[in-house]
S.K.: 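Structure below; questions to follow.
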Amino acid sequence: MNEIAENLAAVRAEIADAATRAGRRAEDIELVAVSKTHPPETLHEALDAGQTLFGENRVQEARAKIPLLPGRARWHLIGHLQKNKIRHALAAGFELFHGIDSLELARECDRIANEAGVFPRVLIEVNVAGEASKFGFSPEKLRAEMEELLGLGRLQIEGLMTIPPFAPEAESSRPYFVALRELREQLQTEFRVPLPSLSMGMSGDFTVALEEGATLVRVGTAIFGTRSGKAWKPAADSASFDD
Ligand SMILES: *Cc1c(COP(=O)(O)O)cnc(C)c1O
């Protein structure tokens, strides 16, 4: 087995263990292999090891990679979506957008989805800890704006996503994961909508996230190793890269 196949097997085993501990079924959990910055060859190795779902955080980088991978690869956009990239993002074939982080962005997505004739599946990003440096709705703002979000007829809102404050200890993330789950439950009751998906947990804390109800975990480093920090771009064509 190559290193990526080994890493994937280890992550899947940890997911299965965490699911068992939490009395959940492993089939109800999706592993998003966060492939940002990694070249297509690396993603091929993961595909060969049975991983079909990939998470990218930049529209431009994903658009360059998607045609280079077989059609059975599936793609989620996990990062912040810039308004001037919405049209490209909707056309790129992402199955789910994890980072709808403001009402303004949601309105713009809805408008462009209407023009494009599509119904994108989305998650609402919540800044549970209220960090100034992070994107996302505060829980209060989300409650105040939920009615309007739900009225955006093109967006299929399937749940919530969060990125807790960075901490070396996985346990430090637990209160934020609990808060996201409780917010989801309140919103479901208050607005009478199903919000089945919770995207939470990364390499350092995904098992804790699973114990607290994550249905999607976004794992990069534990599968692919340390990132270079720079977006991947095709060697021959770098002129149009601006994000
Ligand atoms: C990069 C990224 C991840 C993956 O982080 P790792 O610590 O490498 O697992 C998860 N979620 C988002 C939104 C990211 O940008």
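We're numbering straight along the sequence, starting at 1. Keep in mind that the numbers below use all heavy atoms, side chains included, and drop hydrogens, waters and symmetry copies.
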S.K.: For E147, does the CD atom have more than 12 heavy-atom neighbours from other residues, nucleotides or ligands under 6.0 Å away?
M.R.: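 Result for CD/E147: open.
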
S.K.: For H88, I'd like to know if atom NE2 has over 12 heavy atoms of other residues, nucleotides or ligands within 6.0 Å.
M.R.: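 Open: at most 12 neighbouring heavy atoms sit under 6.0 Å from NE2 of H88.
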
S.K.: Are the side chains of D17 and T207 in touch, meaning some heavy atoms are under 4.5 Å apart?
M.R.: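 Contact flag for D17/T207 side chains = no.
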
S.K.: If I take atom CZ from residue F206 and atom CD1 from residue I15, how far apart are they, to the nearest 0.5 angstrom?
M.R.: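 It comes to 5.5 Å.
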
S.K.: Could you report the tightest heavy-atom contact between L123 and S197, atom names first, then the distance?
M.R.: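 For L123 and S197, the tightest heavy-atom pair comes out as CD2-CB, 3.8 Å.
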
S.K.: Just how far is it from atom CD of E6 to atom CG of L8, taken to the nearest 0.5 Å?
M.R.: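 The CG atom of L8 is 10.5 Å from CD of E6, to the nearest 0.5 Å.
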
S.K.: Decide, yes or no, whether a salt bridge links K134 with E125 under the criterion of side-chain N to carboxylate O below 4.0 Å.
M.R.: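 No, K134 and E125 are not salt-bridged.
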
S.K.: Less than 4.0 angstrom from a charged side-chain N to a carboxylate O is my criterion; do E108 and K83 meet it?
M.R.: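 So E108 does not pair with K83 through a salt bridge.
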
S.K.: Determine whether F177 and V128 make a side-chain contact, defined as any pair of heavy atoms from C-beta on separated by less than 4.5 Å.
M.R.: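 The answer is no; the side chains never approach within 4.5 Å.
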
S.K.: For E27, does the CD atom sit with more than 12 other heavy atoms under 6.0 Å from it, leaving out its own atoms?
M.R.: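 Above 12, so yes.
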
S.K.: Determine whether L96 and L216 satisfy the following criterion, side chain to side chain contact (heavy atoms under 4.5 Å, CB included), listing intermediate values before the conclusion.
M.R.: CA-CA 11 Å; L96 183 68; L216 292 150; 3.7 Å; yes

S.K.: Any heavy-atom pair between the side chains of L90 and P120 that's under 4.5 Å?
M.R.: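 Heavy-atom side-chain distance check passes, below 4.5 Å.
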
S.K.: So that I can tick it off, tell me whether K36 and E61 are bridged by a salt bridge, with the cut-off set at under 4.0 angstrom between side-chain N and carboxylate O.
M.R.: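 A salt bridge is absent here (no side-chain N lies under 4.0 Å from a carboxylate O).
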
S.K.: Do you know which two heavy atoms are closest between E211 and A22, and how far apart they sit?
M.R.: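 Where E211 meets A22 most closely, the heavy atoms are CA-CB, 4.0 Å.
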
S.K.: Might you work through the side chain to side chain contact (heavy atoms under 4.5 Å, CB included) test for E212 and D205, ending with a clear yes or no?
M.R.: CA-CA 11 Å; E212 299 303 341; D205 56 14; over 6 Å; no

S.K.: If hydrophobic clusters are built from ILVMFWY residues whose side chains come within less than 4.5 Å, do M202 and V178 share one?
M.R.: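 M202 and V178: separate clusters.
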
S.K.: Output the distance between atom OG1 (T37) and atom CZ (R227), rounded to the nearest 0.5 Å.
M.R.: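 Reported value, rounded in 0.5 Å steps: 6.0 Å.
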
S.K.: Check R107 with E104, please: is the shortest side-chain N to carboxylate O separation under 4.0 Å?
M.R.: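 Between R107 and E104 there is no salt bridge, as every charged N stays at least 4.0 Å from the carboxylate O atoms.
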
S.K.: Starting at CG of L81, measure out to OG of S102 and round the result to the nearest 0.5 Å.
M.R.: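 Going from CG on L81 over to OG on S102, the span is 9.5 Å.
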
S.K.: Any chance you could measure R12, atom CZ, to L31, atom CG, to the nearest 0.5 Å?
M.R.: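 Those atoms lie 6.5 Å apart.
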
S.K.: Within the distance-only criterion (no hydrogens, no angle test), does the side chain of Q60 pair as donor or acceptor with the backbone N or O of K233 below 3.5 angstrom?
M.R.: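 A pair under 3.5 Å: no.
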
S.K.: Atom CG in L152, atom CG in L103: separation rounded to 0.5 Å?
M.R.: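 Taking CG in L152 and CG in L103, the distance rounds to 7.0 Å.
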
S.K.: Below 30° counts as parallel, above 60° as perpendicular, anything between as tilted: where do the rings of F135 and H80 land?
M.R.: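 Because their plane-to-plane angle is under 30°, the rings of F135 and H80 count as parallel.
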
S.K.: How about L69 and H44: do any of their side-chain heavy atoms sit closer than 4.5 Å?
M.R.: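 Touching, per the 4.5 Å side-chain cut-off.
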
S.K.: Using side chain to side chain contact (heavy atoms under 4.5 Å, CB included), reason through V193 and L187 one step at a time and then give a plain yes or no.
M.R.: CA-CA 8 Å; V193 283; L187 293 171; 5.7 Å; no

S.K.: Indicate yes or no for a side-chain donor-acceptor contact from Q51 to the backbone of L53 under 3.5 Å, with no hydrogens or angles considered.
M.R.: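 The answer is yes, because a donor-acceptor pair under 3.5 Å joins these two groups.
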
S.K.: Is the distance from the ring center of W75 to that of F54 below 6.0 Å?
M.R.: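 They qualify: ring centres under 6.0 Å apart.
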
S.K.: Is the number of heavy atoms from other residues, nucleotides or ligands under 6.0 Å of Q156 CD greater than 12?
M.R.: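 It does: Q156 CD has more than 12 such atoms within range.
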
S.K.: Determine yes or no for a side-chain-to-main-chain donor-acceptor pair under 3.5 angstrom, with R24 supplying the side chain and L210 the backbone.
M.R.: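 A pair under 3.5 Å: yes.
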
S.K.: Please test E56 against S35 for side-chain hydrogen bond (donor to acceptor under 3.5 Å, both in side chains), starting from the C-alpha separation and ending with a verdict.
M.R.: CA-CA 6 Å; E56 291 280 338; S35 49; 2.7 Å; yes

S.K.: Does any N or O in the side chain of R121 come within less than 3.5 Å of the main-chain N or O of E158, such that one atom is a donor and the other an acceptor?
M.R.: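 Such a contact is absent between R121 side chain and E158 backbone.
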
S.K.: Tell me whether V126 is reachable from L155 by hopping between hydrophobic residues (I, L, V, M, F, W, Y) whose side-chain heavy atoms are closer than 4.5 Å.
M.R.: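 Yes, one cluster joins them.
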
S.K.: I'd like to know if V32 and V11 are part of one continuous hydrophobic network [Ile/Leu/Val/Met/Phe/Trp/Tyr, side-chain heavy atoms within less than 4.5 Å].
M.R.: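 No: no chain of side-chain contacts under 4.5 Å links V11 to V32.
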
S.K.: Just so I know, are the side chains of M161 and D101 near enough to count as touching, which here means a heavy-atom distance under 4.5 Å?
M.R.: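 No - every pair of side-chain heavy atoms lies 4.5 Å or more apart.
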
S.K.: Side chains of K85 and R58: does their closest heavy-atom pair fall under 4.5 Å?
M.R.: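 A side-chain contact is absent here, since even the closest heavy-atom pair is not under 4.5 Å.
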
S.K.: Are I100 and L180 linked, directly or through other ILVMFWY residues, by side chains that come within less than 4.5 angstrom of each other?
M.R.: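 Yes, one cluster joins them.
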
S.K.: How far apart are the closest heavy atoms of A92 and I66, and which atoms are they?
M.R.: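 Reported closest heavy-atom pair: O-CD1, 3.5 Å.
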
S.K.: Is any side-chain heavy atom of L195 closer than 4.5 Å to one of M146?
M.R.: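 A side-chain contact under 4.5 Å exists here.
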
S.K.: State, to 0.1 Å, how close S203 and G220 come at their nearest heavy-atom pair, and which atoms those are.
M.R.: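 Taking every non-hydrogen atom into account, OG-N, 3.6 Å.
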
S.K.: Testing the basics here: between N127 and P139, what is the closest heavy-atom pair and its distance to 0.1 Å?
M.R.: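 Looking at all heavy atoms of both residues, the shortest contact is O-CD, 4.0 Å.
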
S.K.: Is there a side chain to side chain contact (heavy atoms under 4.5 Å, CB included) between E30 and R74? Walk through the geometry before answering.
M.R.: CA-CA 12 Å; E30 277 213 280; R74 299 151 51 211; 2.9 Å; yes

S.K.: Which pair of non-hydrogen atoms, one from L149 and one from F137, has the smallest distance, and what is that distance?
M.R.: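 Taking L149 first and F137 second, the nearest heavy atoms are CD1-CZ, 3.9 Å.
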
S.K.: Is L77 reachable from I163 through a run of I, L, V, M, F, W or Y residues, each pair having side-chain heavy atoms under 4.5 Å apart?
M.R.: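 No, because I163 and L77 fall into different hydrophobic clusters, even though each may have its own neighbours under 4.5 Å.
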
